[in-house]
Amino acid sequence: MDLLTAISISASGLTAQRARMNVVSSNLANVQTTQTPEGGPYRARSIVFMAKPVQEDFKAALADKLNEGMRGVEVLGVIEDKEDFKEVYDPSHPDADERGVVRMPNVNVMEEMVDMLSATRAYEANVTAISAAKSMALKTLEIGK
């Protein structure tokens with residue numbers, strides 16, 4: 001594995017974690033949203049990752065034999081949480097039904113906070129890996145002097 005491959009793998013991790021943070025931000029921003037354009041309360045979303053080969057062209061396929069088992073990550077998609085909406089009794093709310101119950105989004109703030117912290121740590125780990133690869137490349141150049 002060359003140093004650029006290591007940086008490429010970590011860069012894919014940065015992109016994936018950024019997408020994860022966007023989904024967490026969207027969920028947290030809509031924790032009280034009772035109306036959406038699709039109708040009904042906001043439905044929590046989560047992100048699905050998929051391991052992908054580091055490079056996909058012929059040269060890379062040849063090099064992949066040397067780097068066998070090395071995988072980056074990509075976002076496969078964003079899915080909606082199928083969990084039921086929360087029901088809150090609040091007859092004064094404009095979206096309350098005839099029983100005075102309001103259907104609230106199925107966003108769990110604690111789970112979102114844990115997911116946000118996890119994404120932050122993964123992002124930091126990828127940045128550290130890129131820094132280490134860069135440091136190794138610089139040390140290699142010093143050997144050639």
Side-chain angles (χ1 to χ4, degrees), residues 1-90 93-97 101-145:
M1 179 170 76
D2 61 51
L3 292 173
L4 292 178
T5 302
I7 291 172
S8 175
I9 291 170
S10 293
S12 72
L14 292 175
T15 302
Q17 296 308 321
R18 186 184 63 216
R20 185 174 171 197
M21 282 298 292
N22 288 341
V23 170
V24 169
S25 298
S26 176
N27 287 341
L28 289 173
N30 289 291
V31 73
Q32 296 291 323
T33 302
T34 57
Q35 292 185 10
T36 61
E38 299 82 28
Y42 176 81
R43 193 169 281 282
R45 291 171 172 77
S46 59
I47 199 158
V48 178
F49 294 135
M50 181 178 84
K52 71 169 191 170
V54 175
Q55 298 167 343
E56 297 179 359
D57 60 4
F58 177 73
K59 181 182 172 188
L62 196 58
D64 196 39
K65 281 295 176 190
L66 297 172
N67 302 329
E68 205 160 16
M70 300 294 158
R71 299 282 187 254
V73 63
E74 71 177 340
V75 175
L76 188 59
V78 177
I79 59 170
E80 288 187 344
D81 187 351
K82 299 297 181 197
E83 187 174 319
D84 292 335
F85 295 115
K86 299 173 192 169
E87 291 188 347
V88 176
Y89 179 74
D90 184 4
H93 196 283
D95 293 328
D97 62 9
V101 174
V102 180
R103 292 186 337 150
M104 300 297 286
N106 58 355
V107 176
N108 183 328
V109 175
M110 297 305 286
E111 287 178 8
E112 297 301 326
M113 294 298 289
V114 169
D115 207 26
M116 181 176 64
L117 289 173
S118 175
T120 302
R121 297 294 177 248
Y123 194 90
E124 289 172 354
N126 281 301
V127 168
T128 301
I130 289 173
S131 295
K134 179 181 158 193
S135 177
M136 290 171 62
L138 290 174
K139 291 290 181 190
T140 303
L141 290 174
E142 287 179 11
I143 291 173
K145 288 183 179 178

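- Taking CZ of Arg43 as the start and CG of Asp84 as the end, the distance is 7.5 Å to the nearest 0.5 Å.
- Using a 4.5 Å cut-off on side-chain heavy atoms (C-beta onward), Lys82 and Asn106 make no contact.
- Considering only residues two or more places apart in sequence or on other chains, Arg103 meets the salt bridge (Lys or Arg N to Asp or Glu O under 4.0 Å) condition with none of them.
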Requested in this report: Could you walk me through whether Arg45 and Asp81 pass the side chain to side chain contact (heavy atoms under 4.5 Å, CB included) test, one step at a time?
Outcome: CA-CA 6 Å; Arg45 291 171 172 77; Asp81 187 351; over 6 Å; no
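- Between Pro41 and Pro105, the shortest heavy-atom contact is CB-N, 3.9 Å.
- Closest heavy-atom contact between Ser26 and Tyr42: OG-OH, 3.0 Å.
- Atom CE in Met21 sits 8.5 Å away from atom CG in Leu28 (nearest 0.5 Å).
- Here the CD atom belonging to Gln17 is positioned 12.5 Å from the CZ atom belonging to Arg121, to the nearest 0.5 angstrom.
- Here salt bridge (Lys or Arg N to Asp or Glu O under 4.0 Å) pairs that include residues 125-135, with residues two or more places apart or in two chains, number zero.
- Taking 4.5 Å as the limit, every side-chain heavy atom of Arg71 sits out of range of all side-chain heavy atoms of Ile9.
- Atom OH of Tyr89 sits about 10.0 Å away from atom CG of Asp97, to the nearest 0.5 Å.
- Rounding to the nearest 0.5 angstrom, the gap separating the CE atom in Met113 from the CE atom in Met110 is 7.5 Å.
- Using a 4.5 Å cut-off on side-chain heavy atoms (C-beta onward), Val107 and Asn30 make no contact.
- For the pair Ile130 and Leu14, the minimum side-chain heavy-atom distance is below 4.5 Å.
- Between Ser118 and Arg20, the closest side-chain pair of non-hydrogen atoms falls below 4.5 Å.
- For Asp95, the salt bridge (Lys or Arg N to Asp or Glu O under 4.0 Å) criterion is met by no residue, not counting sequence neighbours.
- Other residues, nucleotides and ligands contribute over 12 non-hydrogen atoms within 6.0 Å of the CE atom of Met50.
- Note that the CE atom of Met136 and the CG atom of Leu3 stand 5.5 Å from one another [nearest 0.5 Å].
- Residue Val75 is tested with Ile47, Val23, Val48 for a side-chain contact (heavy atoms from CB on, under 4.5 Å); the sole match is Ile47.
- Under the 4.5 Å side-chain criterion, counting only non-hydrogen atoms from C-beta, Phe49 is not in contact with Leu76.
- Closest approach of Ile7 and Ala133 over heavy atoms only: CG1-CB, 3.7 Å.
- The side-chain heavy atoms of Thr120 and Glu124, taken from C-beta on, include a pair separated by under 4.5 Å.
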